[in-house]
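Worksheet for the structure shown next.
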Amino acid sequence: MSGLTSAAYPPSLSEAETEHLVNTIKDWSAGNGLEIRPPPTVIAAEADPKGISAINAPVTLFPSPFPRQCFAQALGVQTTYNELYAAVSRDEEFIEDTVNQVVEGDEFIKNLWDIHQKVKAEGYTQSLSLGLFRSDYMVHQDTSAGSPTFQVKQVEFNTIASSFGGLSYYTSRLHKYLSTREYPLLKNAIPTDMMELPGNNSIPGLAAGIETAFHAYPASELGHTNCIIFLVQDGERNVFDQRHLEYRLAEVAPGVPLFRLAFSDIKKHTSIADTPKRQLLYHLPQCPDKTYEVAVVYLRAGYGPGDYPDQAAWDARYHIERSSAIKCPTVLTQLAGTKKVQQVLATPQPASEPSILGRFVKAAAADQVAELSKTFTNIYPMDTSPAGLEARKKALDPKLAEAYVLKPQREGGGNNIYRGAIPAYLKSIPESHWNSYILMELITPPPVSNLILRNGNVEKGGVICEVGIYGTCLWDQKTDEIYHNELAGYLLRTKGDKSEEGGVAAGYGCMDSCCLV
Ligand code: ADP
Ligand code: MG
Ligand code: MG
C-alpha cells in the first residue's frame, strides 16, 4: 500500500464477500466480547425484558491506514504527557487559576472545585493518585514545505473515565485475525505481509496501572480485606469494555476482590471509618456483614453533570474524595483534564516569559517539552484578554467560524459546537459565560476510506480517524515522586467524514485499528 489515499484500499468487495466478512466479524465479536449492550432503538426493551442481549460494537471491516511516523510520534510523547498531567494535578495554584477563568458560567466545574476545597480544609488522607489517561490525536497534513508531511495534533487529553481500552484491545485482535484468515482470500486479496498491524496492550496495560495502585495501598489496619471498586453509571451500555479490565485483574491478581458500584449507590453501600485515616469501607450488598476496605476507586462515572442530578450525588462524590482510597482520578486530576487547561498549556508564551510546560516537565527534559509542543494545535481563550477578544471575533463571524470548534468544559461527547453553528450559539448564551469555553482550530486529516459495520449494516465511504494513546501513572501529590509511568496501548476510533463527533458510546463513531503506512 503506498500513500494514504491508495485507491486499492480498502479492496472493493463483491456482495458475497461482504456478507461473508460481516458474518465472520459478527461471530468473532460475540465470541471475544467485542460487544456493547444494545441501545433501545436497536433492540426494544419489550424484546429483551431480562436484559440479556449484547450486540457487536460498531467496527470497521478493515484496519484504517495510519501514517507510521504519526503513530510513533503519539506513542513517543505519552510518558511525558503522563508526567505533565501528574505535575499539573499537583499544582493547585495553577488549577485554581484555570478554574477561576471558567467558573462564572460553569456550575459543574465550580462544584468540583468546592469539593476539593472542602477536603483540603479537613486534610487529604491519601497522597497517592492514579491516572489512567488517554491522549487523543488526529493526523494533520502540512503541505507548506512542498511535499506533504504528517504530524499528529492533539484533540484532547482525558484524565477521567478514559474508555475503550477493553474494546480496542479486541479490535486490534479482530483485524489481526481477519488479516491472517480472511483478507488473503478476497478476490482483490491483500497480501498479509504488506499489512503492518501494531500490537496493542491496552487491557494488560490499564489493568497493570490499577494493580500497581492496589499494591501501593497498605494492608488494612482495621482487619478487613482490601478491594478495588469500579464506580460505574446505571445502565452503562459500554459495560464489556470495563469488564475486560476486571477480567484481566481477576487473572493477574486473583485474590483481589473487585466490585462494580453504581455512582448513585455510593452512600448506600459504602461508609467512611470513624478514624483519622477515613478509610472507605464497602459493604457487600448481598451480604452486608461482609465489609472490605477500598484501596482503589476507578471512576467510569462522575465525569459529567448527568451523574449529579441532586445534592446527594455531589455529597457522594465528596464522600469518595475525602476517603483514604486511591482515586482514579482525584477531583484535582479531573480538573487538570479540562479543555481550559489544555488551552493554557498549548498557548505559546511570549519569548520573554518562562515556558508553561517547563513549569511542569523537568527542565532537564527540554527536548521532551519540544516534542509535546509539536502535538499542539491552535487553541484560544474566549475571555476578554487580547487573544480572547480576537477569538470572539472569529467565533462570531459565520465565515471565519467554519475553521473552528467551540468547546465547553465537558467530557463524554456531544457537547461541542462546530463551525457555522458557533455564532448563533454564542448569541444564545449570556456573554458573561463565554469565558467558560475555548475555541479550537479544526484538524482536517487527509481523506481515508473504509467500511463500517454498525447494527448489521455496512456503511461505505470517507472516514476520519482519531487515535488515542493510553498512559498509566501513579504519583504522590505531596512530593515529586512518580512510582509508575507507562504507555498502555492505543485506540483508533473512526467516524464518517460527514459527522462532527466521533464518540463510539455516543453513537457517532466506531472501533478501528491502525494499519501503518
Ligand atoms: P469529549 O471530551 O467530549 O470527547 P473532544 O474534545 O474529544 O470532547 O471532542 C469530541 C469530538 O469532536 C472528537 O472526538 C473529534 O471527533 C471532534 N473534535 C474535537 N476537537 C476537534 C478538532 N480540533 N478538530 C477536529 N475534530 C475535533
Ligand atoms: Mg474526546
Ligand atoms: Mg474527553
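Counting starts at 1 for both ligands and their atoms, in listed order. Just so you know, these numbers come straight off a predicted model, no measurement behind them. Along the sequence shown, residues carry numbers from 1.
- A side-chain N or O of Gln154 and one of Ser135 form a donor-acceptor pair less than 3.5 Å apart.
- Checking Asp383 against Asn435 by side-chain atom types alone, no donor-acceptor pair falls below 3.5 Å.
- Among the atoms of Asp136, no N, O or S atom falls under 2.8 Å of the Mg ion (ligand 2).
- Here the shortest heavy-atom distance to atom 19 (C) of ligand 1, taken over Glu411, Lys407, Met440, belongs to Lys407.
- Residues Asn485 and Glu83 bring no donor and acceptor atom of their side chains to less than 3.5 Å of each other.
- The shortest separation from a heavy atom of Leu442 to ligand 1 is under 4.0 Å, placing the residue in contact.
- Of all N/O/S atoms in Glu411, OE1 sits nearest the Mg ion (ligand 3).
- Within Glu156, the N, O or S atom at minimum distance from the Mg ion (ligand 2) carries the name OE2.
- For a distance bound of 2.8 Å, the N, O or S atoms of Asn158 include one lying that close to the Mg ion (ligand 3).
- Look at Lys110 and Glu104 and you find no salt bridge, because none of the NZ, NE, NH1 or NH2 atoms lies under 4.0 Å from a carboxylate O.
- Using a non-hydrogen distance threshold of 4.0 Å, Lys153 does not register as a contact of ligand 1.
- Of the candidates Lys339, Met138, Arg410, the one placing a heavy atom closest to atom 8 (O) of ligand 1 is Lys339.
- For Phe263 and Tyr308, the ring centers sit closer than 6.0 Å to each other.
- Here Glu459 does not pair with Lys495 in a salt bridge; the nearest charged N to carboxylate O distance is not below 4.0 Å.
- Across Glu156, Glu441, Lys495, heavy-atom proximity to atom 5 (P) of ligand 1 is greatest for Glu156.
- Distances between N or O atoms of Ile443 and those of ligand 1 include at least one value under 3.5 Å.
- Considering backbone and side-chain atoms alike, Tyr418 places an N or O below 3.5 Å from some N or O of ligand 1.
- Between Asp91 and Arg359 a salt bridge is recorded (basic side-chain N to carboxylate O distance below 4.0 Å).
- With ring centers used as reference points, Tyr470 lies 6.0 Å or more from Phe133.
- At least one N or O atom of Asn416, backbone or side chain, sits closer than 3.5 Å to an N or O atom of ligand 1.
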